Q: 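Take a look at this one; I'll ask things after.
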Amino acid sequence: MSSVDRLSGRASGSAYFPSGPPRFGPGLPLRVLLQVGNPAARRLWLWWGLTIIACITLGVQVVQSHWSGVPLRFGGVDFYITVYPPLLLCVLWTLWFGVSWGAIPAYCSSLVLALYAGMPPGWALLFALSNPLGLLVLGTVYRAIRMPAAFAGFGQWCFFITLLFIASVFGATGSFIWSYANQLDTTDAYAIWQGWWLGGFLQGLLLNGPVLLVCTNAVMRWRNRAYPPPPPAMMEKWRLLLTSLLVIAGVLAFLWLSFFLSNGSARIAHPNSVLEWQNSAQQLRDSTIAVYWVLTVLFLAMVFLGYQFFSHWTGELERVAQSLARERDLAELRHQETELARERLEQANQQLAIRMVEVESLQHQLLEQATRDPLTYLFNRRYLHDTLPVELQRAQRQAYPVCVVMIDLDHFKAVNDRHGHAVGDAVLLALAGVLRTGLRATDFTARYGGEEFCLVLADIQPDQALELVQQLQQRYAGLRVRASDGELSGMTFSAGIACYPLDGDCEDALLRAADRALYRAKAEGRDCVRLA
Ligand SMILES: Nc1nc2c(ncn2[C@@H]2O[C@H](COP(=O)(O)OP(=O)(O)OP(=O)(O)O)[C@@H](O)[C@H]2O)c(=O)[nH]1
């Protein structure tokens, strides 16, 4: 049974006792008898009604047959054993279904019995309370402690015997009312009282005991099936308080009633004779001592029961507290672990995001390095070879011309030789600037070799391309590049133009055609542009 079930309070038989045989829980309320449509309620009506009738009949039979106080000699001492069959049935109903189920038949039978025996109605109403008082103690304590219903094991039998003894003593207080109402003398009163509680105790032990042993489990299972018990509630606390108060009240009432009625009996029996009065007084003293002995035993039994009760409850509470603490610790641990895992995951995610940015940047750098010329930062030859075929396919699909222009600087070696490589680089950078800014967004420039450049001009006619390249030549010629001994100016380049699809329909053919045109431009004096 989980703590959730405990907290939600769902009916589950016994939340504090997750497994094992059924236990005595709260009594079945009498109002279940109102559910007339319920077959279980009809069965209860039948059996309970029969019980009430049987109790009344048997009660009357007790008076008719003079069963109260059957003498029994044991160890030289006379005992009087009262046989009271209704109590047998009432004990069973009390334990199996609740105090009301046993107390009502017990009250009815005692009342009818007393009236039948001629007791005045006022006394009869009081007298009939004695057996229900004993049953109340029996049933309430059993339910408050929630004893197992199995009646197996030494401890449970000790508990049953002890409680049965107390219940019998309480139940026997009626004997004093009986003696007083029938004006019996003190000796008879104590004999009846003794027989009454001893008889109740013995018949409970010898006759109820075996029935309880054999039938309780089955009856409780039937009851739990027909009426699922509610979960244990804090109500048990006031049940405990009520039980304790009842026990104390019962003892006080017992003391008061016994001495009061005994004195009354003695006076009634010997109104004139002093000697007999003294004898009666002596008997009263002896009897008082006997009563104190009983009370001592009663007290010890209560201590035993109290100890059982508190050890049971403190044990249960400790177990529940420990289990809750364990669950709480476990939950805290799980929470901490989850938090830790969440933090680690967050850190890992952050690291991953940083790495992703780094990888993306590296990829970008690699792509740049792979496709750009490091000096001029124009595209390189590899990019040209990757892109030109794609551009030609697009031109083919959309049917527009593409011009490929090969540019080669004139006498560039002389620049290097005369001014040094740094100035040569500056010249290359200056031309790259002219090419980058002089073309449309759809065109691109690649550095083809050392001082060779290749332009790819989309959707342009050869004469337009010629015009464009000549403009570039003019801008290049107008550049001023700083050199060690002044400025370089009037620089020139030669160019050859090949056009798709006129001069070739693939990259190789176009490049070769443009190269040939360039060669012609060089051969024809440089600083000029030739069409393939
Ligand atoms: N500064 C510099 N020089 C380069 C670079 N790449 C190639 N060169 C030089 O470019 C020169 C090319 O010389 P040539 O092939 O003889 O051509 P040219 O001197 O321009 O003569 P023509 O092309 O016939 O007009 C060589 O001196 C190379 O060293 C570079 O990145 N930087």
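Indexing begins at 1, ligand by ligand and atom by atom, following the structure's order. Not measured: the values here are computed from a predicted model. Hydrogens, waters and symmetry mates play no part in the numbers below; they use all other heavy atoms, side chains included.
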Q: Using heavy-atom distances, let me know which of Leu518, Asn416, Val427 sits nearest atom 4 (C) of ligand 1.
A: Asn416
Q: Identify, for atom 10 (O) of ligand 1, the protein heavy atom at the shortest distance, and state residue, atom and that distance.
A: Phe412 CD2, 3.2 Å
Q: Decide ring pair (Phe, Tyr, Trp, His ring centres under 6.0 Å) for Phe412 and Phe493; before the verdict, give the C-alpha distance in whole Å, the side-chain angles of both, and the deciding distance to 0.1 Å.
A: CA-CA 9 Å; Phe412 188 61; Phe493 65 74; over 10 Å; no
Q: Apply the test side chain to side chain contact (heavy atoms under 4.5 Å, CB included) to residues Leu46 and Arg43: give CA-CA distance (whole Å), side-chain angles for both, the deciding distance (0.1 Å), then the verdict.
A: CA-CA 5 Å; Leu46 176 71; Arg43 285 178 84 172; 5.6 Å; no
Q: So, for Tyr383 and Phe379, which heavy atoms are closest and what is the spacing to 0.1 Å?
A: CD2-CG, 3.2 Å
Q: Under 4.0 Å from any heavy atom of Leu409, which atoms of ligand 1 are there?
A: 20 (O), 23 (O), 25 (O)
Q: Within the side chain of Ser361, is there an N or O that forms a donor-acceptor pair under 3.5 Å with the backbone of Val357?
A: no
Q: Applying a heavy-atom cut-off of 4.0 Å, say which part of Val423 lies close to ligand 1: side chain, backbone, both or neither.
A: neither
Q: Quick check on contacts: which atoms of ligand 1 are under 4.0 angstrom from a heavy atom of Arg526?
A: 22 (P), 24 (O), 25 (O)
Q: Quick test: of every protein heavy atom, which one is nearest to atom 32 (N) of ligand 1, and how far off is it to 0.1 Å?
A: Asp425 OD1, 2.8 Å
Q: Is any N or O atom of Asp410, backbone or side chain, closer than 3.5 Å to an N or O atom of ligand 1?
A: no
Q: Out of all atoms in ligand 1, which are within 4.0 Å of some heavy atom of Gly424? Include the element for each.
A: 1 (N)
Q: Taking only heavy atoms of His411 into account, list the atoms of ligand 1 that are under 4.0 Å away from them.
A: 18 (P), 19 (O), 20 (O), 21 (O), 22 (P), 25 (O)
Q: Can you name the atoms of ligand 1, numbered from 1 with element, that are less than 4.0 Å from a heavy atom of Leu428?
A: 30 (C), 31 (O), 32 (N)
Q: If we count only N and O atoms by modelled type, under 3.5 Å, do the side chains of Tyr500 and Gln396 hold a donor and an acceptor together?
A: no
Q: Can you name the atoms of ligand 1, numbered from 1 with element, that are less than 4.0 Å from a heavy atom of Gly450?
A: 6 (N), 7 (C)
Q: Out of all atoms in ligand 1, which are within 4.0 Å of some heavy atom of Asp408? Include the element for each.
A: 23 (O)
Q: Answer with side chain, backbone, both or neither: which part of Arg447 has a heavy atom less than 4.0 angstrom from an atom of ligand 1?
A: side chain
Q: Quick check against the 3.5 Å criterion: does Arg520 have a side-chain atom that pairs as donor or acceptor with the backbone of Leu531?
A: yes
Q: Ignoring hydrogens and geometry, is there a side-chain-to-backbone donor-acceptor pair from Trp101 to Trp96 under 3.5 Å?
A: no
Q: Nearest to atom 15 (O) of ligand 1 by heavy atom, Lys522, His421, Lys413, Glu451: which?
A: Glu451
Q: Consider only side-chain N and O atoms of Ser494 and Asp410, and report whether a donor and an acceptor are under 3.5 Å apart.
A: yes
Q: Compare every heavy atom of Cys403 with every heavy atom of Ile497, then report the nearest pair and how far apart it is.
A: CG2-CB, 4.1 Å
